[in-house]
Amino acid sequence: MAFSSSLLTIPPSTLHVLPASDPPYNLLQTHPSLTLLSKCKSIQNLKQVHTHIIKTGLHNTHFALSKLIEFCAVSPFGDLSYALLVFETVENPNQIIWNTIIRGYSLGSKPLQAVEFYVRMILSGVEPNSYTFPFLLKSCAKFGAAQEGKQIHGHVLKLELDSDAFVHTSLINMYAKNGELDNARLVFDKSPLRDAVSFTALITGYVSSGSMDDARRLFDEIPIRDAVSWNAMISGYAQSGRFEEALVLFLEMRKANVAPNESTMLTVLSACAQSGSLDLGKWVASWIEDHGLSSNVRLVNALIDMYSKCGALDTARGLFDAMHQRDVISWNVMIGGYTHESRYKEALALFRLMLRLNAEPNDVTFLGILPACAHLGALDLGKWIHVYIDKKFQSLTNTCLRTSLIDMYAKCGNIEAAKQVFDDMEAKSLASWNAMITGLAMHGHANAALELFSKMADEGFKPDDITFVGILSACNHGGLVDLGRQYFSSMTKDYHISPQLQHYGCMIDLLGRAGRFDEAEALMKTMEMKPDGAVWGSLLGACRIHRRVEMGEFVAKHVFELEPENAGAHVLLSNIYAGAGRWDDVARIRTRLNDMGIKKVPGSTSIEVDSVVHEFLVGDKVHPLSKEIYEMLREVDRLLDMAGFVPDTSEVLYDMDEDWKEGVLSHHSEKLAIAFGLISTKPGTTIRIVKNLRVCGNCHSATKLISKIFNREIIARDRNRFHHFRDGSCSCNDNW
DNA sequence: CTAGGGTTAG
């Protein structure tokens, strides 16, 4: 504490205040120097006015000096240190001048200096008054200075100022902000002063401590509610996730004929956004227009956010494009909207526009844009952002941002870079550990993931359900059946985490792959929830690996029941039939798929070259370098053929979609992307591709060979995991 | 010269 708190226990002296010796008030008030004061926009302006005041002899008046000090201390264009310089020149400053300096401190970043100044005021013999305490108490509230606040409360009582409405409310607010709700309540209950303002101060205390029901009881007692009281309650509900109640209260506010203001609408729009209440959101939009607030940046930002979260992204973009002025939040909201709706390419495009317009991105921008990089595999852009963050946010140890970088690097295939960021982090969060463990799991580094898990415990972190999804998927991708079982049981027994669908999914996938169908089935029977399509689907995949036709039929029935449109499952079943040479059944499925009009999600593969993401569909001929790509493809096939590669046609049904008719196996999107990578990057460069579906067996075998023939490391992400192809083999050990 | 709220992005 910078001041001795014993000073505060000095009873306030009763020295009288110096009588004012100023010329008549109205003469001064209209003095040109003082009119100029209010027009000052910088400290330079202000110094000129000060000079003028001195020249005209006004500096001998308390009034002019107090006005000057007030401006310096309170105005956003002022300067508190200048106010102090002027203060020191004042002979016997009066109460107003002392109060103004205290007020100035209460607004600044070191509000406790207000208390130091207050002590100085008392020691100089000037008695604090009803104006002094609101500033002082605000300082204590701002700084969380509970002890000082209590002592100051004592002074208030001694001076019998607790009957002043302003002081009274300030006391309630101070206690409420310092988390001493009981004291706040005591002050409130003891006084007959019960206006909307003091009610609201206490309500806000309850709201911020999460006691919405206490807040509501008080709110219902307020004799006359003003907009601020309504806003406090509405935002309280919104912040505690009770959006419906927030919106209902807003409607009641309308019924009570209390005019909403900008704050009300910001809160309401946020609640609409989070609860998907598009209709009410639209109503607010017209309210904003009717009130001539269409160029209010904050309101329009909130509208954009509401529209994009309610699924009307293009309406949001229309508003965004029409804005004359935007701030960083406008950007961020729009980018976040695209990311949220999985429109990653548009998110990146908007980010590029942002940079072109010289708008400065901030941490929130990157939290929106890094997941988009991660999804698209845009490693170059991700790296650029990493450099940017290191340059601009060096001093800032933003754990979220670092974690987002780990996730981006891992999902873009650069697990080494992810590890580097992780190791360099000063303050790790549970999310950071989870991102790293999940990343290692995706890359098939099962043992590294498990090692990190034990290290995590050593450093005092408690794993959560997400950690275990990572751990179990590590075991799964590494084919570690025994360890998988152990971790699964440890999760419930040692960590008391009840398994969710994802955990069961990992385990059943793991057991199925290992051919432990009985055990997988037994585990499914213990599930307290119904297995979803993904769980049955992974079992179906296991049936394909182990050529279990009958069980495959049984399992597929369950998948079709849950997800009749799941084309992937139909394809899997047909592959199972194809594996058994049951071509009639293969044809039957093909017909059924056509009859049902089920469209297979088209396979697409993207590859980033020179910071541009190129996307390929099967048989794609729209790329500007299409001719060269297909030339390379022919060369690839020729070399594969020479190396004795025999295409595996057992999964040929992958090609059954109408659009795929012309696409033979060799024109799968991953092959196109690899061919493009081969012609557009220097020899020896690692090729990184991202596929939206699972890699087909044929492409997997072909890619292994390509990595050897062309001496390239090829890192491929499919919808489940990573494959590192190198020198003719793959990191997944053909287990995927 | 004073008190209560809201701050849309994550």
Side-chain angles (χ1 to χ4, degrees), chain A residues 63 66-67 69-71 73-74 94-104 106-107 128-138 141 161 164-174 176-177 184 188 193 195-205 207-208 218 222 225-236 238-239 260-274 284 288 296-309 326-337 339-340 361-371 398 400-401 403-404:
Chain A
F63 183 77
S66 82
K67 278 290 162 203
I69 290 169
E70 183 191 350
F71 180 86
V74 179
N94 62 17
Q95 276 175 314
I96 294 178
I97 295 177
W98 281 100
N99 288 347
T100 306
I101 296 287
I102 293 175
R103 183 182 176 197
S106 79
L107 297 171
N129 62 8
S130 65
Y131 286 83
T132 316
F133 289 104
F135 304 133
L136 209 50
L137 291 166
K138 194 180 215 168
L161 288 172
D164 180 275
F166 286 87
V167 176
H168 175 242
T169 310
S170 301
L171 278 170
I172 296 172
N173 182 50
M174 182 272 294
K177 286 261 159 61
F188 178 83
L193 294 167
D195 55 5
V197 185
S198 56
F199 263 103
T200 309
L202 189 54
I203 286 175
T204 310
V207 165
S208 54
L218 265 176
I222 309 183
R225 303 177 187 89
D226 60 14
V228 180
S229 344
W230 285 96
N231 289 354
M233 276 311 292
I234 295 173
S235 88
Q239 276 167 19
N261 55 24
E262 182 191 334
S263 315
T264 322
M265 292 320 198
L266 285 173
T267 310
V268 169
L269 281 173
S270 166
C272 288
Q274 291 176 81
V284 176
I288 288 171
N296 178 314
V297 178
R298 296 202 297 189
L299 282 172
V300 178
N301 288 346
L303 273 179
I304 293 175
D305 184 49
M306 182 277 294
Y307 279 124
S308 51
K309 292 225 173 90
R326 306 183 184 104
D327 61 13
V328 68
I329 294 179
S330 322
W331 296 101
N332 289 349
V333 174
M334 202 60 233
I335 288 174
T339 305
H340 190 251
N362 63 12
D363 50 344
V364 180
T365 319
F366 296 129
L367 288 175
I369 213 74
L370 283 171
N398 189 331
C400 284
L401 211 46
T403 303
S404 201

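Residue numbers start from 1 in every chain, and the chains themselves are labelled A, B, ... in the order their sequence lines are given, proteins ahead of strands.
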Does B:dT7 have OP1 or OP2 under 4.0 Å away from a side-chain N or O of A:T267?
yes

Check whether any side-chain N or O of A:Q239 sits under 4.0 Å from OP1 or OP2 of B:dT7, and answer yes or no.
yes

Just call it for A:D164: base, sugar-phosphate, or nothing, with non-hydrogen atoms closer than 4.0 Å on any strand.
nothing

If you look at every strand shown and take non-hydrogen atoms under 4.0 Å, does A:I329 touch a base, only sugar-phosphate, or nothing?
base

Identify whether any heavy atom of A:I96 sits under 4.0 Å from a base atom; if not, whether one sits that close to sugar-phosphate; answer base, sugar-phosphate or nothing.
base

Interatomic distance where CG belongs to A:L107 and C1' belongs to B:dT2 [whole Å]
11 Å

With heavy atoms under 4.0 Å as the rule, sort A:A227 into base, sugar-phosphate or nothing.
nothing

A:Q274 has an atom CD; how far is it from atom P of B:dT7, in whole Å?
10 Å

Just to confirm, is there a sub-4.0 Å distance from OP1 or OP2 of B:dA3 to any side-chain nitrogen or oxygen of A:K177?
no

May I ask you to verify whether the side chain of A:N261 and the base of B:dG5 hold a donor-acceptor pair under 3.5 Å?
yes

Should A:Y131 be counted as stacked on B:dC1, where stacking needs a ring-centre gap under 5.5 Å and an angle between planes under 30 degrees?
yes

Taking atom types as they are modelled, would you say the side chain of A:T169 forms a donor-acceptor pair with the base of B:dA3 within the 3.5 Å cutoff?
yes

Using the ring of each side chain (for Trp, its six-membered ring), is A:F188 parallel, tilted or perpendicular to A:H168, with breaks at 30° and 60°?
parallel

Whole angstroms only, please: what is the CG-P distance between A:N99 and B:dC1?
12 Å

Nearest whole angstrom, please: distance from the P of B:dG10 to the CD1 of A:I304.
13 Å

Base, sugar-phosphate, or nothing: which does A:R298 touch, judged by heavy atoms less than 4.0 Å apart?
base

A:L137 has an atom CG; how far is it from atom P of B:dA3, in whole Å?
11 Å

To the nearest Å, how far apart are A:N398 CG and B:dG10 C1'?
10 Å

What about A:D195: does its side chain form a donor-acceptor pair under 3.5 Å with the base of B:dG4?
no

State whether a side-chain donor-acceptor pair under 3.5 Å links A:S170 with A:N173.
no

Do any side-chain nitrogens or oxygens of A:K309 fall under 4.0 Å of OP1 or OP2 in B:dT8?
no

Within the 4.0 Å heavy-atom criterion, would you say A:T132 contacts the bases, only the backbone, or no part of the nucleic acid?
nothing

Between A:Q274 and A:S270, does a side chain to side chain donor-acceptor pair (under 3.5 Å) hold up when you go through it step by step?
CA-CA 6 Å; A:Q274 291 176 81; A:S270 166; 3.0 Å; yes

Donor-acceptor contact present, side-chain A:S404 to main-chain A:L401, <3.5 Å
no

Nearest heavy atoms of A:S130 and A:D164, plus distance in Å
CB-OD2, 3.6 Å

N/O (side chain, A:N173) to phosphate O (OP1/OP2, B:dA3) under 4.0 Å
no

Can you find a side chain N or O atom of A:K138 that sits less than 4.0 Å from OP1 or OP2 on B:dA3?
yes

Test side chain to side chain contact (heavy atoms under 4.5 Å, CB included), reference A:F199, set A:D226, A:I222, A:T169, output is A:I222

What nucleic acid atoms does A:S330 come within less than 4.0 Å of, heavy atoms only: base, sugar-phosphate, or nothing?
nothing

